[in-house]
2 protein chains.
Amino acid sequence: MATKGIQSRNRQEITARILTAAERVFAEFGYAGASISRIAAEAGIPKSNVVYYFETKELLYRRVVGEIFDIWRAAADSITVDNDPIQALGDYIDTKLDLARTRPYGSKVWANEIIQRAPIVQDYLEDELRSWTEDRIVVIEAWIANGKIRPISARHLLYAIWATTQHYADFTHQITTLNEGVELTNRQWGETKSAVKDLLLRGVEKHGDA
Amino acid sequence: MATKGIQSRNRQEITARILTAAERVFAEFGYAGASISRIAAEAGIPKSNVVYYFETKELLYRRVVGEIFDIWRAAADSITVDNDPIQALGDYIDTKLDLARTRPYGSKVWANEIIQRAPIVQDYLEDELRSWTEDRIVVIEAWIANGKIRPISARHLLYAIWATTQHYADFTHQITTLNEGVELTNRQWGETKSAVKDLLLRGVEKHGDA
DNA sequence: ATGATTTCTGCACGATCGGTCAACATTTTT
DNA sequence: AAAAATGTTGACCGATCGTGCAGAAATCAT
């Protein structure tokens, strides 16, 4: 089944191919439902070879989760005290919606992991996510203290942004079905960005009307 | 392991116990990861007895998904043309957040199913969910036409409400971890309702300031 | 009381799983 | 060129899975 001719020559390439395959399979079947042999088939190599590079299913899974976690973290770089709140939050929403479109599988893996109470990556939550979140909340509350935005709940604003942006990744299938069975077009993704920013940032802006 | 003394006497009771156990186990382990024997243990009966009442794992699963679907559908009864938009949407958000708290497992099962591209309940999406959604969009667009709310995207407003409310169910574990490891108190759930309505409905109201 | 029906349960089956291992191939180092 | 290190693979193991099934136990109908 696997076309052997396309075998990569070096470690870098082959581990990347395994990680890509693993992200999709973990997303579509869950941790328990994803089998190493399926990931291997998707990557076009034998099962034993996957085990050779990642030792165990759990270690491979941790790598996949770690990747999306790092990407999401970088997406919030614009959220700093010195930046304009609406601009910064708008950029954050745009970037996360781009990621929802380009990396939907990573988002789904994360969602699955949290739904199942983070049996594998609980340490991520307690260490990195917790401090990262507190830092962003401090920034948003500084914006409020400086009178730049309305006094909303910084924490729930973050949660709402996460929820809505990731919804377009995790629930892609539902959205597609409700879109007459066809994937969103470029135009529709543009409309989505506008609509989400319009809805969420209206509640943030100091003066209610543009 | 199972305390036989607490055996129910009639069909109604025992199937209800199985469904409750199944909802939790499917939520916490995914469809593939959930085993009938685990569900049986959770319900305090032998595995064979679960199979006796529900025949197959898939049929049991469909029953679980169908339940939460019906509950969610009823939660949107307030969304009609004659009702006040802010009141109706606010009630809808309140009800869905109550469900996020009281029935988090059902929400998680639904999320899992959609993430995995609805392999079991695709017919629900194409039949009931699609027409149901179109009906609500018609109502919201009538509100806009009547000048009762701002001209926002009805579809994306619905998606945003689904995303945020269900986020508090599906991502309970993440929220708890970010809440110093303890579940939200009654007071915090109240704050959550206010914050979500404040954020989302500001973008809907015609006049920006209360 | 007796027979019919429903409920309950242990056992066995084929399939699939994650992971080990030994044999083999290739590349790198000396 | 020989040795060492790294990469590749199929065969195999014990465990667990969903489900079929026969028969025991309980309930109901007559």
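Only heavy atoms go into these numbers, but all of them, side chains included; no hydrogens, no water, no symmetry mates. A note on names: the letters A, B, ... follow the listed sequences, proteins ahead of strands, and every chain is numbered from 1.
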Visitor: How long is the line joining CZ of Phe54(B) and C1' of dT19(D), in whole Å?
Guide: 16 Å

Visitor: Between dT9(D), dG18(D), dG10(C), which nucleotide has the shortest distance from any of its atoms to the side chain of Pro46(B)?
Guide: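 From the listed options, dG10(C) comes nearest.
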
Visitor: Send over the distance from Phe29(A) CZ to dG18(C) C1', rounded to a whole Å.
Guide: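 Whole-Å distance recorded here is 17 Å.
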
Visitor: Has the side chain of Arg38(B) got a donor or acceptor atom that lies under 3.5 Å from a matching backbone atom of Phe29(B)?
Guide: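 Between the backbone of Phe29(B) and the side chain of Arg38(B) there is no qualifying donor-acceptor contact (under 3.5 Å).
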
Visitor: Within the 4.0 Å heavy-atom criterion, would you say Ala40(A) contacts the bases, only the backbone, or no part of the nucleic acid?
Guide: nothing

Visitor: Measure from CD1 on Ile18(A) to C1' on dT9(D) and round the result to the nearest Å.
Guide: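 Roughly 14 Å, once rounded to whole Å.
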
Visitor: Can you check the Ile120(B) CD1 to dG18(D) P distance for me, whole Å?
Guide: 13 Å

Visitor: So, Arg63(B) and Glu67(B), do they make that salt bridge, N to O below 4.0 Å?
Guide: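 Salt bridge absent between Arg63(B) and Glu67(B).
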
Visitor: Would you say Arg150(A) has more than 12 foreign heavy atoms packed within less than 6.0 Å of its CZ?
Guide: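 Result for CZ/Arg150(A): enclosed.
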
Visitor: Compare side-chain N and O positions of Ser48(B) against OP1 and OP2 of dG10(C) and report whether any pair is under 4.0 Å apart.
Guide: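 No, no such contact exists.
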
Visitor: Round to the nearest Å and state the distance from Ile45(B) atom CD1 to dT9(C) atom C1'.
Guide: 11 Å

Visitor: What's the CG-C1' distance between Asn49(A) and dC24(C), to the nearest Å?
Guide: 14 Å

Visitor: For Ile36(B) and dC17(D), give me the distance from atom CD1 to atom C1', rounded to whole Å.
Guide: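 Going from CD1 in Ile36(B) over to C1' in dC17(D) covers 9 Å.
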
Visitor: Looking only at side-chain N and O atoms, does Tyr52(B) come under 4.0 Å of OP1 or OP2 in dC8(C)?
Guide: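 Result: no.
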
Visitor: Got a salt bridge between Arg101(B) and Asp98(B), using NZ or NE/NH1/NH2 to carboxylate O under 4.0 Å?
Guide: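 Looking at Asp98(B) together with Arg101(B), the answer is no, because their closest N to O distance does not fall below 4.0 Å.
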
Visitor: According to a strict under-4.0 Å criterion, is Arg11(A) in side-chain N/O contact with OP1 or OP2 of dT6(D)?
Guide: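 For dT6(D), neither OP1 nor OP2 has a side-chain N or O of Arg11(A) closer than 4.0 Å.
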
Visitor: Please report, rounded to the nearest Å, how far the C1' atom of dG18(C) is from the CD atom of Glu58(A).
Guide: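 Computing the Glu58(A):CD to dG18(C):C1' distance gives 12 Å.
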
Visitor: Does Lys47(B) make a side-chain donor-acceptor contact with the base of dT19(D), cut-off 3.5 Å?
Guide: yes

Visitor: Is it true that the NZ or CZ of Lys57(A) lies under 6.0 Å from the centre of Tyr31(A)'s six-membered ring and within 45 degrees of the ring axis?
Guide: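 The answer is yes; both the distance and angle limits are met.
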
Visitor: Kindly point out which of dC8(C), dG19(C), dT19(D) is positioned nearest to the side chain of Val51(B)?
Guide: dT19(D)

